[in-house]
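Quick note on labels: first sequence line is chain A, next is B, and so on, each numbered from 1.
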There are 2 protein chains.
Amino acid sequence: MVTLADVARQAGVSSATASRVFGRPDMVGAETRAIVIEAADRLGYVANSTARALAMGSSGLLGLVVPQLSSSYFAPLISAVQSEVERSGFELIIVDSRGCPESEIEIARRLRGRVDGIIFASPRSPGAALAEAARAFPVVTVNRELPDIDSVSVDVIAGLTELCELLITAGHRTIAYLGGPPGSISDDGRFLTARTVIGDNGGEVLRFGPVEPTVSAGAESLSMLQEAGVHAVIAYNALVAHGLMFAAATVGARVPDDLAVAAVDDLIDIGLGLPSLTAITQPMGEAGSRAGRMLVGQAARPSGTDPDTRARTIQHLVLPSTLVIGETC
Amino acid sequence: MVTLADVARQAGVSSATASRVFGRPDMVGAETRAIVIEAADRLGYVANSTARALAMGSSGLLGLVVPQLSSSYFAPLISAVQSEVERSGFELIIVDSRGCPESEIEIARRLRGRVDGIIFASPRSPGAALAEAARAFPVVTVNRELPDIDSVSVDVIAGLTELCELLITAGHRTIAYLGGPPGSISDDGRFLTARTVIGDNGGEVLRFGPVEPTVSAGAESLSMLQEAGVHAVIAYNALVAHGLMFAAATVGARVPDDLAVAAVDDLIDIGLGLPSLTAITQPMGEAGSRAGRMLVGQAARPSGTDPDTRARTIQHLVLPSTLVIGETC
DNA sequence: TTGTACGCGTTATCAT
DNA sequence: ATGATAACGCGTACAA
């Protein structure tokens, strides 16, 4: 490995000057700079980020913890966080907690002292554990508001309300809610919202599930809905909704005439590309870039900053979801 | 931040002893060990992995570069690599190259000096650039065999041959190949294999596409196939295949009677759960854990090891794909 | 078994 | 503008 000292020696300057060439280019004479750079890439010098991190007291590494890496829901978030973070000169380390609360905090412990901050996406851990982590380093949560932690969340309630009203307007009175996955914090909230809104409008909502958030689980659920005699369904998830539609198509049921289908999120952005579904589009990409920006803001702040100053300015950002009306409803 | 020195002072021992308690527990007296541990977690000591990395000359960090994070194809690979790597006490940093060759090597440059090794999954970069990276640190490629770099790849050719023979046996003579995505290295290979095998058996293969690897792109392609009068299609990808099937169901075309559908990979493992498709199952999870193991093996080797020793033992692991016969064919 | 002292590669302070 | 030097936190010969 070729070090800064090697470059300095080769260029005939001190290692301090060589260091400045890369860190503070303007603090060094134009010609010396040229010489050093020349020497550097002749020797193939690459800065050792570990040493730099130790000297500067920060690693330039940020963490993102998601419950499921392969989830279509988080894909745009992950992508956006990565863009945002790299744009600010940080590196991103993405970890999959596999939906397991204990592993979330286990991950936080492992990452401690290695990253400058962490984003927890839809964390399932107890708030206390997250707060504990937040005292160790900057933390931003997504879809989870905790008193002392910056957060950005998507307001599905608004879109869901709009959706329920749409269904009522369309004449539906009995509406199925097909929920999932088991253990999801947001599932209950969605059901309750639907029940309230629809109940207030003289309708009734039947809760089915929970089912796995997969196409086949959706397909298998169709008969259940048909037996219950429902003609409108709100699916937890676009995969489930498409399973329903797929099964409906194969048994000759018409959408939306025989069964109106809607979903709480869509899959347009993530390469599945099934646009005509009536769904609540959640701006996960936007959420990701906002969360990324918030974390960078915290992490970039000189570590000497008075902790109290940071504690007093907790942000809770809420992004609106929008109802996209397709042909399935 | 509480350092090892703090712990040592608190415990009344030297920092060397404190260090050994965590690194070489057996080299320290039982009671001193207890005291140090006591002091450590009373102070809430967490080892600074940056400093450790600098001192030991390795970071305990491995990198995984994928062309697309949200791809259902790579999801099981990513998951497996992560498991494997964590099992060996490493941390994994996952980066999305967005399918852009330049960004692959750009990433390699950025990660240099920060990670102990990298896995490139289905890299599109020129071989020379990858070889260059491989001289800087341990590298393993997936689905790309380069002379001097360890690799593990999945042999789709075998499964595809089998599939073609199946279609021929079923009586098909004119078979469509619906390819994509643009720029994929493997796409050409698949088409050529299909043409060769089917041609050898007196059949003919028509190439369509490339199309985006999405469900909707598949759905939109159906009419194209119907106009061409084909009754059997091999889709690049299971998403595309399901788009075709979805479109077929809605226009009343029967699968497999009117149109036999097969795909080169499936989506069973990744939460889409659509099992009845005839498809070539690629063991991406297995590939991931093997690649992870290979990289760990390289990275864990003491850095003082003679470079020549490592250079002479390049491994190219090839995993078989298997044809899974569903109802669509 | 334990302590002393040095090195890892870089940045930052303080001279010059 | 540049150079000497002290950190940064930890591992590890080497000595005791």
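- Within 4.0 Å of B/Leu4, counting heavy atoms only, lie sugar-phosphate atoms of the nucleic acid but no base atom.
- B/Gly29 comes within 4.0 angstrom of sugar-phosphate atoms only, judged by non-hydrogen atoms across all strands, and of no base.
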* Between B/Asp116 and B/Ser59, does a side chain to side chain donor-acceptor pair (under 3.5 Å) hold up when you go through it step by step? -> CA-CA 6 Å; B/Asp116 295 339; B/Ser59 64; 3.2 Å; yes
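- In this structure, the CE atom of B/Met1 is 8 Å from the C1' atom of D/dG9, given to the nearest Å.
- Across all strands shown, A/Ser49 has no heavy atoms under 4.0 Å from either base or sugar-phosphate atoms.
- Between A/Leu54 atom CG and C/dG9 atom C1' there is a gap of 9 Å when expressed in whole angstrom units.
- Place B/Thr3 and A/Val28 on DNA chain D by their nearest nucleotides, and A/Val28 ends up nearer the 5' end.
- Here B/Arg20 lies in heavy-atom contact (under 4.0 Å) with a base.
- B/Arg24 CZ: 12 or fewer foreign heavy atoms inside a 6.0 Å radius.
- In this model, the phosphate group of D/dG11 is approached by a side-chain N or O of B/Ser19 to a distance below 4.0 Å at OP1 or OP2.
- Of the possible polar contacts, none joining the B/Ser151 side chain to the B/Val142 backbone as a donor-acceptor pair under 3.5 Å is found.
- Ranking D/dG9, D/dT2, C/dG9 by closeness to the B/Ala51 side chain, first place goes to D/dG9.
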* Test side chain to side chain donor-acceptor pair (under 3.5 Å) on A/Gln68 and A/Tyr73 and set out the steps. => CA-CA 9 Å; A/Gln68 194 191 353; A/Tyr73 179 72; over 6 Å; no
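- Rounded to whole Å, the distance from CZ on B/Arg52 to C1' on D/dT12 is 13 Å.
- Using a 4.0 Å heavy-atom distance criterion, B/Phe22 is classed as making no nucleic acid contact.
- Look at OH on B/Tyr45: it is 10 Å from P on D/dG9, rounded to the nearest Å.
- For the pair A/Thr17 and D/dG3, the criterion of a side-chain N or O lying under 4.0 Å from OP1 or OP2 is met.
- When rounded to the nearest whole Å, the span between CZ of B/Arg24 and C1' of D/dC10 equals 13 Å.
- A/Met27 has its CE atom 12 Å from the C1' atom of C/dT11, to the nearest Å.
- Closest to the side chain of B/Ala16, out of C/dT2, D/dT12, D/dC10, is D/dT12.
- Salt-bridge formation is not detected for the pair A/Glu84/A/Arg290: no Lys NZ or Arg NE/NH1/NH2 atom is positioned less than 4.0 Å from an Asp or Glu carboxylate oxygen.
- Between B/Ser14 and C/dG3, a side-chain N or O to OP1/OP2 separation shorter than 4.0 Å is present.
- In summary, A/Arg124 and A/Glu104 do not engage in a salt bridge, as defined by a charged side-chain N under 4.0 Å from a carboxylate O.
- Taking atom CZ of residue A/Arg33 and atom C1' of nucleotide D/dA1, one finds them 11 Å apart after rounding to whole Å.
- Taking atom CE of B/Met56 as the reference point, atom C1' of D/dA13 lies 16 Å away to the nearest angstrom.
- Remark on DNA chain C: of its neighbouring residues B/Ser15 and B/Asp26, the 5'-side contact belongs to B/Asp26, judged by nearest-heavy-atom nucleotide.
- Nucleic acid contact for A/Ala47: sugar-phosphate only, since backbone atoms but no base atoms lie under 4.0 Å from a heavy atom of the residue.
- In this structure, A/Thr50 reaches neither bases nor backbone, as no heavy-atom distance under 4.0 Å exists between it and the strands shown.
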